[in-house]
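Heads up, the thing below is written out as structure tokens.
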Amino acid sequence: MVFFGSVWKEASLDLQTLILSLQQYWAEVGCVIQKPYDLEVGAGTMHPETFLRVLGPEPYRVAYVQPSRRPADARYGENPFRLGKHLQLQVILKPSPDDVQDLYLQSLKALGIDPAVHDIRFEEDNWESPTLGAWGVGWQVLLDGMEITQFTYFQQAGGVELAPISAELTYGLERIAMFLQRRDSIYDVVWGGGRRYGDVRLKEEWEASVYGFEVADVSMLRRHFEDWEREAGRCLEHDPPLIVPALEATLKTSHLFNLMDARGAISVTERVGLIGRIRRNAVRVAKAYVLQRGEMGHPLGNALEGVAHG
Amino acid sequence: MADFLLEIRTEEIPANALPGARRQLGEKLGQALAQASFDGIEVRTFSTNRRLVALVSGLPKRQADRTEVLTGPPARIAFGADGAPTKAAEGFAKKAGVPLEQLERVETPKGEYVAATVRLEGRPTAEILAEAIPSILSGLHFPKMMRWGLGTHVFVRPVHGVVAMLDGEIVPMTVFDVKADFRTVGHRVHAPGIIEITEPAAYIRALEERQVFIDPEKRRHSLEALAGRLAAEAGCRVHPDEDLVAEHVELVEYPGLIRGEIDRAHLELPPEVVITTLRHHQKCLILEREDGELAPYFLAVVDRADDPEGLIRQGNEWVIGARLSDAAFFFKEDRTCPLEDLVPRLERLEFHRKLGSLAAKAERTGLLGRWLAEAAGITMSPGEVERVARLVKADLVTHMVGEFPELQGIMGGHYLRLDGEPEEVWTAARDHYQPQGFEGPVPASDLGRLIGAADRMDSVASLFAAGEVPTGSKDPFGLRRAAQGLVRIIAAAGWNVDIAAFVRRACELAVETAGGDLEPVVAQVMPFITDRVRRYLVELAHVSPDTADAVMHAAWSALPALEARAHALEAVRSQPEFRALTLAFKRVRNITEGQPDAGVDPGLLIEPAEKQLYEAAVQFQSELEMSLAAHRVDEAFAHMGRLAGILDQFFIDVLVMAEDQRIRANRIGLLKMLGRDFLTLADLSKLQVEGGES
């Protein structure tokens with residue numbers, strides 16, 4: 001079979017089949033298939049199913065799609081490669097299994113990508129999130145020169161050294177779809193159900209750009225940043241600490257920061273301070289979660305004691 | 001003799017970690033072998049992105065037996081007055097493992113001691129290796145280390161296989177929970193199956209048959225040959241990029257390249273944009289025509305030998321098309337307004353936490369540029385210097401430089417040219433980051449040089465003021481390079497400006513922003529700059545280090561004058577009269593040091609030799625003035641050289657430390673006067689002279 005021109009396009013997956021195939025595959029590998037977090041986040045890493053689950057000794061496997069908002073990356077729907085909100089498919093395997101690279105390569109087969117006829121390489125690309133107090137070591141996975149996945153071994157989250165180590169796989173779904181469908185614009189990607197990406201999302205991208213760059217009320221954002229920061233503190237000081245509500249409040253401050261940043265409202269000196277304030281709460285949440293799970297006796301098991309999946 | 005093979009199979013190791021890993025593995029294994037008395041044995045190390053390999057041949061199968069003399073307690077303790085062995089002797093004999101009667105007495109500088117000659121049986125080499133390898137591996141250092149799985153081990157990437165064989169036998173060991181074996185795997189795509197290695201000597205061949213080429217040099221040759229062939233087929237040559245090729249070598253197990261086409265429309269972008277897009281995002285080489293113009297072809301490195309369905313080329317072409325479209329989009333967006341309109345946004349870009357924004361930095365640069373223009377006698381509107389100082393940084397807020405920081409300056413140049421700015425302005429933006437340290441060209445225009453020098457001077461002064469002083473190998477802001485660039489620009493421009501005053505002005509502006517006291521900053525920056533000036537004299541002007549010290553000690557802060565004096569002194573210093581003068585001058589310094597200067601009263605000169613010296617000194621004074629006024633430094637040194645004989649005669653005939661207080665003070669005054677005049681040219685006491693005191 002020759003994959004050129006229209007033949008290739010017809011043969012490739014639409015966006016929703018891509019998602020369904022990956023979810024099906026990772027479900028078979030033993031992941032909980034979770035839902036996107038119902039808050040505005042900048043990346044799948046902020047979802048409690050990653051940020052909290054990677055902490056402590058309890059083994060866990062999870063996969064989910066996360067719409068990720070980066071207001072400063074928005075381009076009024078005019079740039080064919082950049083979005084203010086894109087879709088990530090996030091997989092966490094904790095502890096990282098010995099055959100994690102093979103598991104990943106098998107997932108590509110589920111997308112109809114046969115490694116035998118492609119060039120797939122793992123090139124160093126490390127990851128760091130100053131707001132989450134998190135960093136990891138890993139690669140970007142290149143398929144015929146296209147970056148299709150970010151592959152990270154988490155070393156630290158919320159300022160906490162991790163053990164066991166989680167492997168995080170983040171598939172950039174629009175890019176993969178664009179590449180597989182050989183489209184010159186994200187908005188031409190076939191979504192499924194007879195619709196293209198632009199039919200579904202173009203107007204929203206334009207509106208989000210106008211809002212983020214021109215309209216958002218900075219003094220309101222600032223006020224809410226203070227409010228939610230305080231709320232995170234109240235949740236943490238509650239007895240017992242309310243971990244997920246505290247994380248949610250912290251994630252809100254992170255998104256508010258991103259909005260203010262896109263709006264050009266954050267000065268040089270202020271920037272470092274605000275990031276530090278978000279991180280401080282993220283670190284407190286992480287520490288409180290570790291304590292909470294310890295007090296609960298690690299109900300999902302303890303990988304470090306060789307306890308099987310709970 | 002036996003061969004040893006070690007292969008550590010891992011997940012993909014970062015390219016930048018591999019050269020260091022090969023070196024360390026070779027050194028540490030070599031040291032371990034030397035420690036086990038296997039001397040002069042060559043260790044060869046190799047790697048791919050997925051394995052680290054060491055091969056050793058000609059190893060003895062076991063260590064040679066050897067004897068060692070162990071020293072025990074002093075003889076007077078080991079033996080009683082009756083000569084019978086004591087408990088101490090028994091204890092030592094037991095510890096050394098020899099019968100009591102075989103203890104010997106040895107004479108040492110500390111007296112007589114008991115000793116035992118112990119016969120040490122050589123250990124099997126395999127045993128030594130099994131012991132040494134695990135700690136060698138855990139002692140390898142990588143730029144970034146990681147943990148995986150349960151998080152118990154730290155290495156560059158997770159380890160999946162270990163082959164450790166001495167000839168046909170496995171050397172038993174466990175490394176990062178992986179047991180040594182004689183099995184490995186071939187290339188991930190071409191030969192993914194398990195290979196059994198029969199002996200170390202067969203390893204390289206066995207892997208090559210399975211498309212894994214472990215020798216980086218071999219991969220480099222293959223990649224270069226392949227690149228040349230693919231370029232020639234398209235009637236082109238490869239746009240040279242050694243660093244990129246060196247990285248390609250480390251990225252693969254099989255050295256493969258594919259050639260793809262670039263949409264010609266994309267070549268309308270500035271060539272630097274095309275090259276950087278390909279290099280930065282895709283690590284691709286680009287082809288060019290004979291005349292250096294870019295050709296619409298790229299070479300992408302691939303970790304395989306073929307492209308069975310053409311999908312790899314097609315995919316890479318699609319990605320590169322997308323990347324270049326993206327770059328074109330940036331270019332278009334950046335061009336929607338003149339670059340000057342972006343200047344206010346520099347407020348939002350941080351230069352340094354304690355030093356505020358780039359706008360603030362550009363302001364300081366502008367003021368320093370004005371100062372420098374005035375000092376160097378360059379006619380230029382002060383407002384224009386300040387405007388351009390801001391303008392050259394404006395590209396830092398463009399989309400293109402946001403995406404490709406390495407295009408800073410270059411994009412500013414393009415955008416300002418397209419905005420219709422004068423050539424002097426856009427070339428200043430383009431060139432003001434040049435030179436990098438002492439290397440590379442200096443900006444061609446006065447404006448480019450002014451901005452380049454002022455920008456670097458501010459970086460050094462302000463970052464010092466903010467406490468970012470380079471120490472040892474740590475210089476995160478590249479301040480040594482910046483200071484070298486500054487010196488190089490001033491030297492190339494031939495500006496006879498007072499660098500010390502320039503430094504002081506920059507420090508004043510820096511502490512205005514950073515806060516703190518002025519003098520401590522000046523006290524740190526000044527020697528930092530003088531050290532770079534000295535390096536400039538030695539490394540670029542090729543002057544001997546002590547000549548540089550001699551002229552700098554006289555005065556350092558006007559660079560062209562300094563360089564002229566350095567060359568003049570370098571030219572005359574080995575002449576016999578100058579060597580004599582140098583020795584005499586050291587005497588002058590020794591005698592006059594710490595003595596009060598009472599001046600010279602010609603009426604108090606008695607001896608003919610001192611009268612003669614006085615006359616010569618007075619004459620020298622006026623000669624010096626004239627020569628220097630005419631910028632004839634070599635002539636000034638010639639006049640100085642003629643004083644050698646007179647000064648020698650003075651020291652032969654005249655006793656400086658005369659008993660008469662007034663005569664003594666007068667003679668010291670005479671020598672001081674001469675010393676002062678010499679010091680306008682050089683401090684000869686810094687010169688190393690053969691046969692003289694140092």
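Letters A, B, ... are given to chains in the order of the sequence lines, protein chains preceding strands, and every chain is numbered from 1.
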What distance separates [X] [atom1] from [Y] [atom2], expressed to the nearest 0.5 Å?
| X | Y | atom1 | atom2 | value |
| --- | --- | --- | --- | --- |
| A:R182 | B:E317 | CZ | CD | 9.5 Å |
| A:Q140 | B:H281 | CD | NE2 | 10.0 Å |
| A:Q101 | B:E12 | CD | CD | 4.5 Å |
| A:M146 | B:I320 | CE | CD1 | 12.5 Å |
| A:I165 | B:H153 | CD1 | NE2 | 12.0 Å |
| B:E309 | A:D114 | CD | CG | 7.5 Å |

Over all heavy atoms of both residues, which pair between A:V117 and B:I312 is shortest? Give the atoms and the distance, please.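 A:V117 and B:I312 have their closest heavy atoms at O-CG1, 3.8 Å.
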Looking only at heavy atoms, which two atoms of B:V302 and A:R121 are closest? And how far apart?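 Looking at all heavy atoms of both residues, the closest pair is CA-NE, 4.3 Å.
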Could you check which of B:C284, B:G149, B:P308, B:G256 has the highest count of heavy-atom pairs closer than 4.5 Å to chain A?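 Looking at each of B:C284, B:G149, B:P308, B:G256 in turn, B:G149 comes out on top.
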Quick check on the interface: out of B:G151, B:G321, B:S325, B:A322, who has the most heavy-atom pairs with chain A under 4.5 Å?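 With the most close heavy-atom pairs to chain A, the winner is B:A322.
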Heavy-atom contact with chain B under 4.5 Å, split by part of [X]:
| X | value |
| --- | --- |
| A:E123 | side chain |
| A:L142 | neither |
| A:D99 | neither |
| A:Y153 | side chain |

Would a distance-only check, ignoring hydrogens and angles, find a side-chain to backbone donor-acceptor pair under 3.5 Å from [X] to [Y]?
| X | Y | result |
| --- | --- | --- |
| B:R304 | A:I120 | no |
| B:R147 | A:L162 | yes |
| B:W318 | A:R183 | yes |
| A:D144 | B:N316 | no |

Counting only heavy atoms closer than 4.5 Å, note whether [X] contacts chain A via side chain, backbone, both or neither.
| X | answer |
| --- | --- |
| B:V189 | side chain |
| B:R188 | side chain |
| B:K354 | neither |
| B:Q282 | side chain |
| B:D306 | neither |
| B:W148 | both |

So A:V100 and B:E11, do their side chains get closer than 4.5 Å, heavy atoms only?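 Contact flag for B:E11/A:V100 side chains = yes.
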A:W139 side chain near B:R157 side chain, heavy-atom distance below 4.5 Å: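 In short, these two side chains touch, coming nearer than 4.5 Å.
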Salt bridge flag under 4.0 Å for residues A:E124 and B:K144: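 No, no charged N to carboxylate O under 4.0 Å.
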Would you find more than 12 non-hydrogen atoms of other residues, nucleotides or ligands less than 6.0 Å from A:W135 atom CH2?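 Result for CH2/A:W135: enclosed.
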Pick whichever of A:P57, A:S185, A:A163, A:A116 has the most heavy-atom pairs under 4.5 Å with chain B.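 Result: the option with the highest number of such pairs is A:A116.
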Heavy atoms only, distances under 4.5 angstrom: which of A:P115, A:G145, A:G136 has the most pairs with chain B? Name it, please.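 Looking at each option in turn, the highest pair count goes to A:G145.
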Pick one: which of A:R175, A:R75, A:R82 meets salt bridge (charged side-chain N to carboxylate O under 4.0 Å, His left out) with B:D326?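 So, applying the salt bridge (charged side-chain N to carboxylate O under 4.0 Å, His left out) to B:D326 and each of A:R175, A:R75, A:R82, only A:R82 qualifies.
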